[in-house]
Undergrad: 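Got a structure for you, written out below as structure tokens; questions coming shortly.
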Amino acid sequence: MLEAQHITHQINRKTLLDDVSLVVRPGELVAVVGANGAGKSTLLKTISRELTPTKGEVVLDKKPLNRFSSLDLARRRAVLAQQNPLAFEFSVYELVMMGRYPHFEGHPHPEDLAIVDFALERTGIAHLARRAVPTLSGGEQQRVHLAKILAQLMGIEEINRPEASIRQTKYLLLDEPTTGLDFYYQHSLLEVASELTRRGYGVVAILHDLNLVMQYADNVLLLREGKALSFGKPASVLTAESIFNAFNLSVHIIHQPELDCPLIVHTRQTVPLTAQIN
Ligand SMILES: Nc1ncnc2c1ncn2[C@@H]1O[C@H](COP(=O)(O)OP(=O)(O)OP(=O)(O)O)[C@@H](O)[C@H]1O
């Protein structure tokens with residue numbers, strides 16, 4: 001279990017996070033939502049150990065995060081950042097192979113090569129393997145970075161026995177992973193994440209599309225101005241009232257029996273029909 005316990009984060013006199021807690025259990029996809037500047041990336045960076053909180057603690061399987069070696073942590077959790085470092089002239093294959101660096105010294109083993117091939121296939125970029133990363137489109141580059149973190153976490157036994165659960169829980173931490181992805185790949189990415197949760201992974205994803213949250217998240221944390229407004233099942237947390245509180249936007253929540261989950265639609269301020277006719 002991955003737990004952020006009462007996280008407060010202050011920079012100078014500004015409070016970016018104020019007593020925020022989050023729990024991610026094995027097998028769960030937890031979404032973090034909120035307006036721009038609400039503190040979502042700050043929370044994810046704290047959970048990944050990129051930032052040290054002013055107060056509070058992040059605990060992975062009951063052990064504080066700061067007690068893990070960098071190598072152990074790299075094998076237990078992988079991070080898809082909002083802004084990925086420039087890939088210079090690396091090929092797609094080379095960049096995805098970097099995901100395996102915590103697992104070998106010198107030359108990659110046959111299983112590292114198999115895992116990289118699997119990650120390239122699973123993210124739909126095998127045909128781009130020899131291309132230089134900077135020549136790819138934004139969405140293609142995003143899929144390369146996803147493939148890299150899959151390669152970082154997956155083990156050969158997971159590829160050979162896809163139906164088996166993993167022995168030790170691993171966590172994917174995704175900051176706006178659907179950025180730049182088309183409609184098909186937004187869903188494809190969240191299907192990959194869901195598939196991993198079924199194997200026992202935990203996933204934390206910052207998402208802006210609340211309908212994707214409704215469809216894919218097991219739990220959601222709603223942040224406003226660094227504070228947790230609520231945490232729980234998407235249909236209970238994402239109400240018209242809470243969305244108005246967090247985003248200052250009026251929405252309809254539509255329940256259709258043929259849909260798996262409620263649908264959130266922005267209420268546009270329309271001119272009454274009679275006024276238009278006149
Ligand atoms: N190093 C910093 N110094 C000062 N303020 C910062 C720093 N880092 C972040 N902030 C501020 O903290 C707030 C939260 O930032 P954060 O990046 O966590 O927001 P976010 O919810 O991820 O936003 P977005 O949806 O725009 O990505 C913002 O107002 C941001 O300007």
Side-chain angles (χ1 to χ4, degrees), residues 2-24 28-59 65-66 77-86 138-139 141-143 145-146 149 171-182 185-186 189-190 193 202-232 234 237-239 241-251 264 266:
L2 181 61
E3 286 176 275
Q5 300 170 340
H6 302 286
I7 301 296
T8 293
H9 195 83
Q10 289 169 322
I11 291 184
N12 301 326
R13 290 201 167 168
K14 189 170 170 170
T15 302
L16 311 193
L17 290 173
D18 186 0
D19 195 19
V20 174
S21 296
L22 179 74
V23 177
V24 191
E28 280 183 353
L29 192 158
V30 175
V32 180
V33 303
N36 290 145
K40 305 179 295 295
S41 294
T42 307
L43 180 62
L44 203 86
K45 286 175 187 167
T46 308
I47 294 173
S48 69
R49 204 174 75 175
E50 187 183 330
L51 290 177
T52 306
T54 315
K55 277 192 220 156
E57 195 167 48
V58 182
V59 176
L65 216 55
N66 55 18
R77 64 99 182 94
V79 186
L80 184 71
Q82 198 174 12
Q83 265 122 24
N84 289 296
L86 286 177
Q141 290 194 28
Q142 185 73 341
R143 280 149 55 202
H145 290 289
L146 176 66
I149 62 167
Y171 293 87
L172 280 182
L173 309 178
L174 311 172
D175 195 341
E176 298 187 29
T178 55
T179 300
L181 298 184
D182 66 28
Y185 277 111
Q186 287 182 27
L189 179 139
L190 288 162
V203 179
V204 182
I206 295 176
L207 294 169
H208 280 297
D209 184 335
L210 301 183
N211 284 311
L212 289 180
V213 175
M214 280 286 198
Q215 245 179 309
Y216 290 98
D218 296 296
N219 283 311
V220 54
L221 173 68
L222 177 60
L223 289 178
R224 187 183 67 179
E225 295 172 2
K227 291 192 172 70
L229 280 187
S230 49
F231 178 75
V237 169
L238 299 177
T239 62
E241 192 185 358
S242 71
I243 292 171
F244 186 81
N245 277 340
F247 297 94
N248 196 24
L249 194 71
S250 299
V251 297
I264 302 167
H266 171 217

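Hydrogens, waters and symmetry mates play no part in the numbers below; they use all other heavy atoms, side chains included. Just so you know, ligand 1 is whichever comes first in the structure, and atom 1 is the first atom listed for that ligand.
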Undergrad: Counting non-hydrogen protein atoms only, what is the nearest one to atom 13 (C) of ligand 1? Give residue, atom name and distance.
TA: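 Residue, atom and distance for the closest contact: Gly37 O, 3.5 Å.
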Undergrad: Just which atoms of ligand 1 are under 4.0 Å from any heavy atom in His208?
TA: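 In order of number, 25 (O).
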Undergrad: Measure the distances from the heavy atoms of Lys45 to every atom of ligand 1 and state whether one is below 4.0 angstrom.
TA: no
Undergrad: Do Leu222 and Asn245 have side chains that approach each other closer than 4.5 Å (heavy atoms only, starting at C-beta)?
TA: no
Undergrad: Cut-off 3.5 Å, side chains only: do Thr54 and Gln10 have a donor facing an acceptor?
TA: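 Their side chains do not contain a donor-acceptor pair, so the 3.5 Å distance test is not met.
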Undergrad: Please answer whether the main-chain N or O of Ala35 pairs with a side-chain N or O of Lys40 as donor and acceptor at a distance below 3.5 Å.
TA: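 At least one qualifying donor-acceptor pair exists.
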Undergrad: List the atom of Leu221, the atom of Ser21, and the distance in Å for their closest heavy-atom pair.
TA: CD1-O, 4.2 Å
Undergrad: Numbering the atoms of ligand 1 from 1, which are under 4.0 Å from a heavy atom of Gln82?
TA: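 With Gln82 as reference, the close atoms of ligand 1 come out as 27 (O).
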Undergrad: Find all atoms of ligand 1 within a distance of less than 4.0 Å from any non-hydrogen atom belonging to Gly39, and give their numbers and elements.
TA: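 Within the 4.0 Å cut-off of Gly39, ligand 1 contributes 14 (C), 18 (O), 19 (O), 20 (P), 21 (O).
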Undergrad: Considering non-hydrogen atoms only, spot the tightest contact between Asp218 and Pro234 and give its length.
TA: O-CD, 3.5 Å
Undergrad: Could you tell me whether a side-chain N or O of Asn211 sits under 3.5 Å from a main-chain N or O of Ile264, the two making a donor and an acceptor?
TA: yes
Undergrad: Considering non-hydrogen atoms of the protein only, which is the closest contact for atom 26 (O) of ligand 1, and what is the distance?
TA: Asn36 ND2, 3.1 Å
Undergrad: Starting from atom 17 (O) of ligand 1, which protein heavy atom do you reach first, and at what distance in Å?
TA: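 Of the protein heavy atoms, Ser41 CB, 3.6 Å lies nearest.
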Undergrad: Under a 3.5 Å distance rule, please check whether Glu176 uses its side chain to pair with a backbone N or O of Gln82 as donor and acceptor.
TA: no
Undergrad: Of the listed options (Thr42, Leu43, Leu16), which comes nearest to atom 6 (C) of ligand 1 when hydrogens are ignored and any heavy atom counts?
TA: Leu16
Undergrad: Measuring from the heavy atoms of Ala35, does anything fall under 4.0 Å of ligand 1?
TA: yes
Undergrad: Go through ligand 1 atom by atom and flag the ones less than 4.0 Å from a non-hydrogen atom of Glu176.
TA: 25 (O), 27 (O)
Undergrad: Got a donor-acceptor contact below 3.5 angstrom from the Thr239 side chain to the Ser242 backbone?
TA: yes
Undergrad: Can you report which non-hydrogen protein atom sits closest to atom 2 (C) of ligand 1, along with the distance?
TA: Ile11 CD1, 3.5 Å
Undergrad: Could you tell me which non-hydrogen atom of Tyr171 sits nearest to which non-hydrogen atom of Leu2, and how far apart they are?
TA: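 Distance-wise, the nearest heavy atoms are OH-N, 3.4 Å.
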Undergrad: Below 4.0 Å from ligand 1: does a non-hydrogen atom of Gly34 turn up there or not?
TA: no
Undergrad: Please state which protein non-hydrogen atom is closest to atom 29 (O) of ligand 1 and give its distance, to 0.1 Å?
TA: Lys14 NZ, 3.2 Å
